[in-house]
Each structure stands twice: as C-alpha cells, then as structure tokens.
**Student:** 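One structure, pasted below without further comment.
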Amino acid sequence: MNPTTNLFFHDMLTIPFFVSDLFIPDPDTSLPAIIQLCLIGAVEYTSVVFSALIDLWSGMRKAKRMGIKRTSHGLRRTVSKLSSYLVLMAMLTGIDIAIVLSCLFLSHNGMSVPPPFLWLTSLGAAGHILIEAISVLENLEQGPRLRSLGKKLWYFYRKNRRSATF
C-alpha cells in the first residue's frame, strides 16, 4: 500500500471524516444550512411514517393469509404507535434544534463548536425504522428463514471482521 492510499484510509476511519463528508450540511451549496437540516428532518420523518405504513401493510397481509379478521382495534394500535413515534421524534427534534441554535450562537461569537446536525432525531428515526423492519420480518411468511439467514450473516461477519478491510 502506498503512503497516499494509507493516508486516505486513515482519514476515512476517523469520526470527523465520517461526520463531515456524509452527514453534515454542505456549506458550499446555495441552500442555507438551516434549509438543509429541515430537508434532512423531513426525510427522516417521512421514512418513519413510511416504515410504519409498510408494517401495517405486512400485518394486514399476514392477517389475511392466516384468516384472522382485521378490526379497528388493530388499526387503532397502528395509529397509536405512529403517534407515539412522532411525539418522540418531535421531542428529539426540539432538543436538536436547541443544540443547533446553541452551536450557531457560539460559532457566531467566535467559539469553536461542532457543525450543527440533527443527531438525536437521526438516531430516533433509525431506531423506529429498525423496529418496523423487524416487525415486517416477523409478518413475512419467510420471516424465520430470513432471521436464520441474518443470524448466519452476523456470525460470519463477527468471525471474519478482524480480517476485513474497508
């Protein structure tokens, strides 16, 4: 490996590279950072709602396949789950907004701060989407086979992760 490649891989493995190149709003675009953050938040909220609707669809298919009557109680549970997801996301977004405004205020006054990003909102969205993905896998006919495959892939990764290079 030549020194240039080594330097590139070294930089790629650092947190600042990961954060700045993949997640932080790009200051060189014509869109202000606040607009970029709003767009990121909108995508995250939409993704959470979409994942809950996919779970609803897969649950209804499973109920139909098993001959279980679909009732308003089940639909109400989905609405309740979605509203609790969105309330939690709104609270996390509120905390993120306070952090972003603090960062902007401190940087305006000459303090060195990390670039603003919706960290908590992103983590909340990822958690909700993961929960819904697991629920969809549980509703699928092939769920046990897919879970078995996932366990095998996870075991294979854990066994070979030290020799893997990224």
**Student:** Mind listing the side-chain donor-acceptor pairs of residues 86-93 below 3.5 Å, one per line with the distance, residues two or more places apart or on another chain?
**Tutor:**
residue: Thr93; atom: OG1; partner: Tyr45; partner atom: OH; Å: 2.8
residue: Thr93; atom: OG1; partner: Met89; partner atom: O; Å: 2.8
residue: Thr93; atom: OG1; partner: Thr121; partner atom: OG1; Å: 3.0

**Student:** Might you work through the side chain to side chain contact (heavy atoms under 4.5 Å, CB included) test for Leu53 and Trp57, ending with a clear yes or no?
**Tutor:** CA-CA 6 Å; Leu53 292 176; Trp57 174 76; over 6 Å; no
**Student:** Shortest non-hydrogen contact from Val49 to Leu82?
**Tutor:**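 Here Val49 and Leu82 meet closest at CA-CD1, 4.0 Å.
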**Student:** Taking only residues two or more places apart in sequence or in another chain, which ones pass side chain to side chain contact (heavy atoms under 4.5 Å, CB included) with Leu75?
**Tutor:**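 By the side chain to side chain contact (heavy atoms under 4.5 Å, CB included) rule, Leu75 matches Leu56, Met60.
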**Student:** Is the backbone of Arg76 close enough, under 3.5 Å, to the side chain of Ser80 for a donor and an acceptor to pair up by distance?
**Tutor:**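 Between the backbone of Arg76 and the side chain of Ser80 there is no qualifying donor-acceptor contact (under 3.5 Å).
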**Student:** Under a single-linkage definition using a 4.5 Å side-chain heavy-atom cutoff for Ile, Leu, Val, Met, Phe, Trp and Tyr, are Ile129 and Ile54 assigned to the same hydrophobic cluster?
**Tutor:**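 In one cluster with Ile129: Ile54, no.
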**Student:** Just one of Leu123, Asp96, Ile99 clears the side-chain contact (heavy atoms from CB on, under 4.5 Å) bar with Leu118, so which one?
**Tutor:**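 Of Leu123, Asp96, Ile99, side-chain contact (heavy atoms from CB on, under 4.5 Å) with Leu118 is met by Asp96 alone.
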**Student:** How close do Ser122 and Glu44 get, heavy atom to heavy atom, and via which atoms?
**Tutor:**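 Minimum heavy-atom separation between Ser122 and Glu44: OG-OE2, 2.5 Å.
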**Student:** For residues 65-74, which side-chain N or O atoms pair as donor and acceptor with protein atoms under 3.5 Å away, sequence neighbours left out?
**Tutor:**
residue: Arg65; atom: NE; partner: Glu141; partner atom: OE2; Å: 3.4
residue: Arg65; atom: NH2; partner: Asn139; partner atom: O; Å: 2.9
residue: Thr71; atom: OG1; partner: His73; partner atom: N; Å: 3.4

**Student:** Looking at residues at least two apart in the chain, or sitting in another chain, which of them share a side chain to side chain contact (heavy atoms under 4.5 Å, CB included) with Ser83?
**Tutor:**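 Once residues adjacent in sequence are excluded, Ser83 has no partner under the side chain to side chain contact (heavy atoms under 4.5 Å, CB included) criterion.
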**Student:** May I ask you to list the residues sharing a hydrophobic cluster with Val43, side-chain cutoff 4.5 Å, ordered by chain and number?
**Tutor:**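 Its cluster mates, by chain and number: none.
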**Student:** Please enumerate all residues that pass salt bridge (charged side-chain N to carboxylate O under 4.0 Å, His left out) together with Asp55, with sequence neighbours excluded.
**Tutor:**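 Only Lys81 meet the salt bridge (charged side-chain N to carboxylate O under 4.0 Å, His left out) criterion with Asp55.
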